[in-house]
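Working notes for the structure below.
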Amino acid sequence: MKTLIIYASKYGCTEDCAKYLKSKMQGETMLVDINKQAKQIELGGFDTVIIGGSVYVGKVAKKLRAFCQGNLDGLSDKRLGIFFCCGRPQEMDEVLAANFPAGLVKAAMIIKSFGSEARLAKMTFFDKTILNAVTKGDYSSFKISNDSMDEFIKALAP
Ligand SMILES: Cc1cc2nc3c(=O)[nH]c(=O)nc-3n(C[C@H](O)[C@H](O)[C@H](O)COP(=O)(O)O)c2cc1C
């Protein structure tokens, strides 16, 4: 099995999840940070593709959205998984509808939220202010679930 994980992360939470998946998945696994990737991403040769993004005010990174929109056919042929890092997993259906083509959502074998982290020390003042206003300073629910990541891997296994 050859897997490609394409992700976008602002403060590193999604990146760490992508790295966790890579460390646990069977076979060869490649990571691509779409915000750092200048070359075109080649999907050929991969049987499994994972798309991972974090959610900011209802949206995942623009480059990730554009990639999914532009590669709908290529992605739909794969064993496809989509994951999110987000503080409000209960809004996942709205996030999916606002960010990904319906065909891609339908093609996915698994779609899961892994939870979230609030990396306040790294955050811009602006982001911290927004997050603080929304959470009222309570970050107790901001956690990543290893169980969710393990379930995700299991669901994609051939
Ligand atoms: C300014 C800001 C806005 C956010 N907006 C949302 C949101 O709309 N929905 C949500 O579920 N989580 C939201 N979050 C939580 C992030 O998705 C979460 O912290 C995630 O783990 C960040 O991952 P990253 O470090 O990979 O970017 C927001 C966080 C910040 C700082």
Side-chain angles (χ1 to χ4, degrees), residues 3-25 29-39 41 43 46 48-71 75 78-102 104-156:
T3 302
L4 179 63
I5 305 176
I6 305 164
Y7 68 91
S9 181
K10 194 163 178 183
Y11 295 113
C13 175
T14 310
E15 180 168 60
D16 286 351
C17 291
K19 286 180 178 167
Y20 178 91
L21 296 180
K22 177 177 157 73
S23 76
K24 297 274 175 173
M25 297 212 44
T29 304
M30 251 183 76
L31 287 177
V32 171
D33 177 346
I34 200 155
N35 286 318
K36 292 192 182 141
Q37 178 81 2
K39 281 191 291 175
I41 298 170
L43 295 173
F46 294 97
T48 304
V49 177
I50 296 171
I51 304 286
S54 46
V55 182
Y56 286 85
V57 198
K59 290 283 175 79
V60 300
K62 203 173 174 178
K63 279 194 176 177
L64 199 62
R65 275 185 276 143
F67 178 79
C68 291
Q69 192 73 51
N71 291 275
L75 287 168
K78 309 290 180 188
R79 303 178 69 79
L80 180 68
I82 301 174
F83 78 85
F84 295 107
C85 288
C86 62
R88 294 195 295 274
Q90 66 276 17
E91 292 170 10
M92 203 167 73
D93 286 347
E94 287 95 311
V95 171
L96 280 169
N99 289 276
F100 299 108
L104 193 77
V105 174
K106 211 167 155 211
M109 292 172 67
I110 174 115
I111 300 175
K112 224 170 172 48
S113 160
F114 292 165
S116 63
E117 281 180 4
R119 298 191 172 184
L120 299 171
K122 285 185 168 184
M123 233 172 247
T124 61
F125 177 75
F126 183 70
D127 280 355
K128 218 187 297 186
T129 307
I130 295 178
L131 197 60
N132 207 34
V134 174
T135 60
K136 299 187 175 58
D138 178 6
Y139 299 106
S140 53
S141 65
F142 280 66
K143 284 189 201 92
I144 287 297
S145 159
N146 281 25
D147 287 350
S148 294
M149 291 195 279
D150 294 340
E151 282 165 27
F152 185 88
I153 293 167
K154 224 174 177 176
L156 279 175

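Atoms within each ligand, like the ligands themselves, are counted from 1 in listed order.
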Original post:
Without hydrogens or angle criteria, can the side chains of Tyr11 and Asp16 be said to hold a donor-acceptor pair below 3.5 Å?
Top reply: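 No, no side-chain donor-acceptor contact under 3.5 Å.
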
**OP:** Using distance alone, with no hydrogens and no angle criterion, decide if Ser140 and Asp138 have a side-chain donor and acceptor under 3.5 Å apart.
**Re:**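 Yes.
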
Original post:
Taking only residues two or more places apart in sequence, or in another chain, which ones meet Phe114 in a ring-ring contact (aromatic ring centres under 6.0 Å, His included)?
Top reply: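 ring-ring contact (aromatic ring centres under 6.0 Å, His included) check on Phe114 returns Phe83, Phe152.
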
**OP:** Would you check, one step at a time, whether the test side chain to side chain contact (heavy atoms under 4.5 Å, CB included) holds for Glu151 with Lys112?
**Re:** CA-CA 9 Å; Glu151 282 165 27; Lys112 224 170 172 48; 3.0 Å; yes

Using a 3.5 Å cut-off on N/O to N/O, what pairs does ligand 1 make with the protein? A line per pair would be great.
residue, atom, partner, partner atom, Å
ligand 1, 5 (N), Val57, N, 2.9
ligand 1, 8 (O), Val57, N, 3.1
ligand 1, 8 (O), Gly58, N, 2.9
ligand 1, 8 (O), Arg88, NH2, 3.3
ligand 1, 11 (O), Gly87, N, 3.1
ligand 1, 11 (O), Arg88, N, 2.8
ligand 1, 12 (N), Gly87, N, 3.0
ligand 1, 14 (N), Val55, O, 3.2
ligand 1, 17 (O), Val55, N, 3.4
ligand 1, 17 (O), Val55, O, 2.6
ligand 1, 17 (O), Cys85, O, 3.3
ligand 1, 19 (O), Glu117, O, 2.7
ligand 1, 21 (O), Glu117, N, 3.1
ligand 1, 21 (O), Glu117, O, 3.3
ligand 1, 25 (O), Tyr11, N, 3.0
ligand 1, 25 (O), Gly12, N, 3.2
ligand 1, 25 (O), Cys13, N, 3.1
ligand 1, 26 (O), Ser9, OG, 2.6
ligand 1, 26 (O), Cys13, N, 3.3
ligand 1, 26 (O), Thr14, N, 2.8
ligand 1, 26 (O), Thr14, OG1, 2.6
ligand 1, 27 (O), Lys10, N, 2.8
ligand 1, 27 (O), Tyr11, N, 3.4
ligand 1, 27 (O), Ser54, OG, 2.8
ligand 1, 27 (O), Tyr56, OH, 2.6

Subject >> Side-chain donor or acceptor of Lys22 paired with backbone N/O of Thr29 under 3.5 Å >> reply: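 Confirmed, Lys22 side chain pairs with Thr29 backbone.
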
Subject >> Check: Gly58 main-chain N/O paired with Asn99 side-chain donor or acceptor under 3.5 Å >> reply: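 Yes, Asn99 side chain to Gly58 backbone: donor-acceptor pair under 3.5 Å.
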
